[in-house]
S.K.: 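Quick one: the structure is below, and I'll ask about it shortly.
Residue numbers begin at 1 in each chain, while the letters A, B, ... track the order of the sequences.
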Amino acid sequence: MLLAGASVSKLYSPLFHSINFTSINANVTLIKLQDKFKKRLQKAALELFGVSLEQLSAEIPPKPELGDLAFPVSFELAKLIKQSTGNKVAPRTIAEQLKEKLAAADEVSRIEVAGAGYLNIFFDRAQLLSAFAAVPPPAIDDASIDALVVRPKQMVEHTSINPNKAAHIGHVRNAVLGDTFVRVLKTAGNAVEVQNYIDNTGVQVADVVVGFKHIEPMTLDEIKNLDRSLPADRSFDYYCWDLYTKVGLFYRDDDPNGQPNPEKLKLRTDILHALEEGTNPTAELADYVATRNVECILDTMERLGIRYDLLARESEILHLHFWDRAFQLMKYEGVIRLETEGKSKGCWVMPFESHTGTDEHEADKIIVRSNGTVTYTGKDIAYQLWKLGHLGLDFNYRPFRKYADGHVAWVTTAEPNSEVLPEVPRPDFGGGVTVYNVIDSRQSYPQEIVARGVAALLPELGRNASVHLAYEMVALSPSACAELGIELSNEDRAKPYIEMSGRKGLGVKADDLIDRLETDALREVEARHPDLTADEKAATASEIAVGALRYFLLKFTRNSVIAFDFKEALSFEGETGPYCQYAAVRANSIFRKLDRESLVDAERLILRAGGDAEIRETVAQALSGEAGTEIWSLVMLAQRFDEVVAQCAASAEPANLAKYAFNLARAFNLFYHRHRIIAEEDLTKKAVLIVAANIARRQLTSALATLGISVPERM
RNA sequence: GCACGCGUAGCUCAGUUGGAUAGAGCGUUUGACUUCGAAUCAAAAGGUCGCAGGUUCGAGCCCUGCCGCGUGCACCA
């Protein structure tokens with residue numbers, strides 16, 4: 001439901017897409033135009049000054065009166081000319097010469113030299129509006145595109161929550177960031193595989209098993225009965241959340257500040273060994289607990305429109321001997337070495353020369369312990385090798401969950417031939433050309449080791465095949481702690497924010513927050529639209545809640561710590577998701593009320609402006625002056641969507657897109673206030689307004705869809 | 001100690017890879033609903049871009065040194 005193509009194409013009336021009224025290429029985009037001018041400038045620079053420009057930056061002028069596109073190229077050229085000839089030439093003079101040399105393109109009305117030497121380009125507004133109006137909406141259809149070409153696969157791992165408790169907002173930041181990046185990559189035309197790593201045999205699951213076996217204590221059947229008896233709003237993951245906190249206290253003999261009791265810690269170690277071993281009653285119990293938590297977490301994520309292609313489990317990495325293979329490869333390639341003396345005697349280590357060793361901190365990273373067991377980093381290298389398609393082993397797979405639209409999330413299994421969903425063919429998993437791991441920045445160091453280890457094994461792929469998509473944590477603001485009834489120590493009170501802790505049960509659970517958002521949204525919807533049915537109200541409230549939460553988590557750049565505050569997160573006003581949705585809803589309401597004849601007339605008129613000089617002149621008139629410039633700048637901003645997506649994909653920073661969507665919504669709201677579209681009597685101006693509004697809502701809807709935010713019918 | 005990140009308006013944050021007069025939201029003050037929907041819009045006030053040097057036509061952005069804050073640096077995962 002959140003894929004851009006489906007919702008956009010329904011909204012946008014495809015009246016004349018098959019007819020070309022325009023004299024210029026209907027597929028014109030701002031990116032293409034920009035490239036065209038870069039090439040011309042490079043050619044001109046070579047002809048005039050004998051200078052070849054490698055990199056040429058274009059920019060959007062600060063004000064629309066200064067043009068639509070600017071090149072500060074003359075400053076750079078002045079320097080280069082001085083270097084090669086020794087002559088000092090004023091940037092303005094250079095700009096004037098370049099201007100003369102640039103043959104005006106069809107899409108351009110004029111070129112000006114401004115300031116100290118900027119080359120400012122003014123587009124032919126009527127011509128381009130006509131071209132933009134003719135551009136069909138991007139039809140993103142995974143199936144049809146996949147059938148046509150085999151594209152290199154981008155791989156994104158995100159969420160990866162330890163399956164021993166409910167998700168909190170820190171986990172949601174990871175999932176929303178990852179999911180949005182996946183949407184960005186897809187919108188940019190990439191094939192993407194989404195993985196969620198399930199550490200079902202780790203310490204955290206072992207801890208909850210300790211709780212079930214030694215605190216409760218319960219058998220597997222009793223746990224199943226308990227699970228069935230739990231209410232929907234206090235489900236199994238919530239129960240485990242509380243139990244996990246109890247286990248932490250249990251280890252310390254119920255004294256939060258006490259030392260762990262070694263005998264009780266041994267219970268954990270024993271269970272951990274049983275889990276790694278597999279095929280025993282404890283492992284079976286743990287599997288139930290982990291699987292149920294995964295199901296609950298997937299339910300939570302689906303409320304936010306987040307889905308997966310594959311759940312890769314640690315149990316299979318162990319049982320299918322991924323590590324053994326990786327170990328062989330690393331020894332063979334000499335990436336690790338066996339230490340024969342010193343502190344790490346008997347361990348296999350990876351040399352890490354950038355860190356100089358001190359007494360306290362070892363320079364080299366231990367991959368295999370002296371007792372022969374592998375560290376987490378070692379297992380991660382094996383998994384990363386598989387992701388890149390270079391391990392030489394594969395998982396077995398079975399379907400885990402079938403979503404309402406038929407999409408299937410698969411899970412790894414040790415059992416061969418487990419595929420029991422013949423109507424859904426299994427995709428080929430793994431073999432990504434680039435692997436993005438969405439993991440918080442506290443794990444930068446181990447992630448660096450994994451990436452280097454893999455790069456050392458696979459020099460042909462290199463360091464850039466593994467990308468750590470790092471982000472800062474979500475912490476609790478002091479006021480959020482107060483609202484949650486958390487008592488703070490004096491030490492914590494002095495801090496600007498408090499780190500969340502699953503172990504201490506310190507955090508805002510994702511479902512609780514979504515519930516609150518939905519309740520607040522529902523109250524507003526009921527006040528504004530009492531005529532809607534209960535189902536419609538609930539669905540709208542849900543869309544608003546998702547918009548608010550996703551936008552809140554995306555508006556911050558990745559390396560900014562979010563000090564979570566209820567007031568900000570629950571806001572529907574200002575720079576928020578609902579603000580953006582509201583702008584799109586208003587835009588849609590115009591087209592709902594607009595009679596079809598007006599729409600058809602408007603599109604026909606604007607499309608004909610491309611070829612008919614007389615019509616073009618009247619359209620140009622409507623787009624001139626202060627009011628016209630304001631309309632035009634809305635169109636220009638809307639048309640930058642592709643460029644923003646491309647930049648977002650390259651920088652792996654979804655916050656750019658969030659800011660863009662907000663700015664576009666803001667520009668539209670301004671436009672909306674300034675112009676009465678339906679009541680406009682000047683038919684040319686009305687046509688311009690209709691087409692501009694249509695372009696703006698089309699692009700805003702696409703931008704929001706890429707953020708995973710849908711546009712309600714009403715709100 | 002070492003590595004990485006951060007420091008921009010009262011608060012929370014952007015800043016298009018070095019470009020034109022540093023921008024948003026919240027909060028404060030003031031104004032706008034008989035209208036395609038006010039979850040909106042307009043206006044005002046608010047800045048030594050942590051400090052000091054340097055690089056150049058140009059620095060919030062790059063370099064060096066300080067100051068302050070955060071996070072890592074396990075034979076844990």
S.K.: Whole-Å distance between B:A38 P and A:M715 CE?
M.R.: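 Rounding to the nearest Å, CE of A:M715 and P of B:A38 are 13 Å apart.
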S.K.: Any chance the rings of A:F671 and A:F668 have centres within less than 6.0 Å?
M.R.: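 A:F671 vs A:F668: aromatic centres under 6.0 Å.
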S.K.: Counting any heavy atom closer than 4.0 Å, what does A:Y672 reach on the DNA or RNA strands: base, sugar-phosphate only, or nothing?
M.R.: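 Here A:Y672 touches the bases of the nucleic acid.
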S.K.: Using only modelled atom types and a 3.5 angstrom limit, is any donor from either the side chain of A:R666 or the base of B:A24 paired with an acceptor on the other?
M.R.: no
S.K.: Just to be sure I understand: a Watson-Crick pair is purine N1 to pyrimidine N3 plus N6-O4 or O6-N4, both under 3.5 Å. Using that and G-U wobbles, which stems of three or more pairs involve RNA chain B?
M.R.: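 In RNA chain B, stems of three or more pairs: B:1-7 with B:67-73, B:10-13 with B:23-26, B:28-32 with B:40-44, B:50-54 with B:62-66.
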S.K.: side-chain hydrogen bond (donor to acceptor under 3.5 Å, both in side chains) with A:K686: which residues, sequence neighbours excluded?
M.R.: none
S.K.: Which part of the nucleic acid, if any, lies within contact of A:E524, taking any heavy atom under 4.0 Å across all strands shown: a base, the sugar-phosphate backbone alone, or nothing?
M.R.: base
S.K.: Heavy atoms only, 4.0 Å cut-off, all strands: where does A:R592 land among base, sugar-phosphate and nothing?
M.R.: nothing
S.K.: Side-chain donor or acceptor of A:R676 under 3.5 Å from a matching atom on the base of B:U35?
M.R.: yes
S.K.: Would you indicate which nucleotide in B:A39, B:C75, B:C73 comes nearest to any side-chain atom of A:I366?
M.R.: B:C75
S.K.: Say you pick atom C1' in B:G23 and the same atom in B:G19; how far apart are they, in whole Å?
M.R.: 16 Å
S.K.: A:R586 side chain N/O closer than 4.0 Å to the phosphate oxygens (OP1, OP2) of B:U40?
M.R.: no
S.K.: Remember a base hit wins even if backbone is also touched, and classify A:V644 as base, sugar-phosphate or nothing at under 4.0 Å, heavy atoms.
M.R.: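 The residue A:V644 makes no contact with any strand.
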S.K.: Taking atom P in both B:G50 and B:G31, what distance in whole Å separates the two?
M.R.: 37 Å
S.K.: Between A:E472 and A:S441, do the side chains contain a donor N or O and an acceptor N or O under 3.5 Å apart?
M.R.: yes
S.K.: Of the nucleotides B:A39, B:U12, B:A77, which has the atom closest to the A:E568 side chain?
M.R.: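 The answer is B:U12, which lies nearest to the side chain.
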S.K.: Within the structure shown, what part of the strands sits under 4.0 Å from A:L670 by heavy-atom distance: base, sugar-phosphate, or nothing?
M.R.: sugar-phosphate
S.K.: Taking atom types as modelled, is there a side-chain donor on A:N437 or A:Q384 under 3.5 Å from an acceptor on the other?
M.R.: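 Indeed, the side chains of A:N437 and A:Q384 share at least one donor-acceptor pair under 3.5 Å.
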S.K.: Using a 4.0 Å cut-off on protein heavy atoms (strictly under), produce a 5'-to-3' string for nucleotides 14-21 of chain B with B for base contact, S for backbone-only sugar-phosphate contact, and - for none.
M.R.: SSB--BBB
S.K.: Rounded to whole Å, please give me the gap between CZ in A:R442 and C1' in B:G72.
M.R.: 10 Å
S.K.: May I ask you to say what A:H468 touches in the nucleic acid, namely base, sugar-phosphate or nothing, with a heavy-atom cut-off under 4.0 Å?
M.R.: nothing
S.K.: Would you indicate which nucleotide in B:A77, B:A42, B:A39 comes nearest to any side-chain atom of A:E573?
M.R.: B:A39
S.K.: So if I take every side-chain heavy atom of A:I544 and compare against B:G70, B:G72, B:A39, which nucleotide ends up nearest?
M.R.: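 In terms of side-chain proximity for A:I544, the closest of B:G70, B:G72, B:A39 is B:A39.
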S.K.: Consider the side chain of A:E314, meaning its heavy atoms from C-beta on, and name the nucleotide among B:G72, B:A77, B:U40 that approaches it most closely.
M.R.: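 Of all the options, the side chain of A:E314 is nearest to B:A77.
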S.K.: Check whether any side-chain heavy atom of A:F71 lies under 4.5 Å from a side-chain heavy atom of A:L98, and answer yes or no.
M.R.: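 Of all side-chain heavy-atom pairs linking A:L98 with A:F71, none is under 4.5 Å.
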S.K.: Determine, for A:R452 against A:E448, whether the closest basic-nitrogen to carboxylate-oxygen distance falls under 4.0 angstrom.
M.R.: yes
S.K.: What are the two closest heavy atoms between A:D364 and A:P351, and how far apart are they?
M.R.: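 For A:D364 and A:P351, the tightest heavy-atom pair comes out as OD1-CA, 3.4 Å.
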S.K.: May I ask you to say what A:D199 touches in the nucleic acid, namely base, sugar-phosphate or nothing, with a heavy-atom cut-off under 4.0 Å?
M.R.: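 Sugar-phosphate, no base atom in range.
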S.K.: Looking at B:G37, does its base get a donor-acceptor pair with the side chain of A:H673 below 3.5 Å?
M.R.: no
S.K.: P atom, B:A43 versus B:A24: distance in rounded Å?
M.R.: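 Pairwise P distance, B:A43 against B:A24, rounds to 10 Å.
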S.K.: Counting only side-chain N and O atoms of A:S589, is one of them less than 4.0 Å from OP1 or OP2 of B:G37?
M.R.: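 For B:G37, OP1/OP2 do have a side-chain N/O of A:S589 under 4.0 Å.
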S.K.: What is the distance, rounded to the nearest whole Å, between atom OH of A:Y376 and atom C1' of B:C73?
M.R.: 17 Å
S.K.: Can you tell whether the side chains of A:R173 and A:D440 come within less than 4.0 Å, N to carboxylate O?
M.R.: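 The answer is no: the pair does not qualify as a salt bridge.
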S.K.: Atom CZ of A:R714 and atom P of B:A39: how far apart are they, to the nearest Å?
M.R.: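 After rounding, the reported distance stands at 15 Å.
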S.K.: Could you check whether A:E568 pairs with A:K555 (Lys NZ or Arg NE/NH1/NH2 to Asp/Glu carboxylate O, under 4.0 Å)?
M.R.: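 Looking at A:E568 and A:K555, the cut-off is not met.
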S.K.: Taking A:R516 first and then A:D520, would you say they form a salt bridge - that is, a charged N and a carboxylate O separated by under 4.0 Å?
M.R.: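 Answer for the salt bridge query: no.
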S.K.: Distance between the P atoms of B:A74 and B:G18, in whole angstroms?
M.R.: 34 Å
S.K.: May I have the distance from A:E543 (atom CD) to B:A39 (atom C1'), rounded to whole angstrom?
M.R.: 15 Å
S.K.: Counting C-beta onward and ignoring hydrogens, is there a side-chain heavy-atom pair between A:I317 and A:Y197 closer than 4.5 Å?
M.R.: yes
S.K.: Looking at every strand, decide which applies to A:K686 at a 4.0 Å heavy-atom threshold: base, sugar-phosphate, or nothing.
M.R.: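 No contact.
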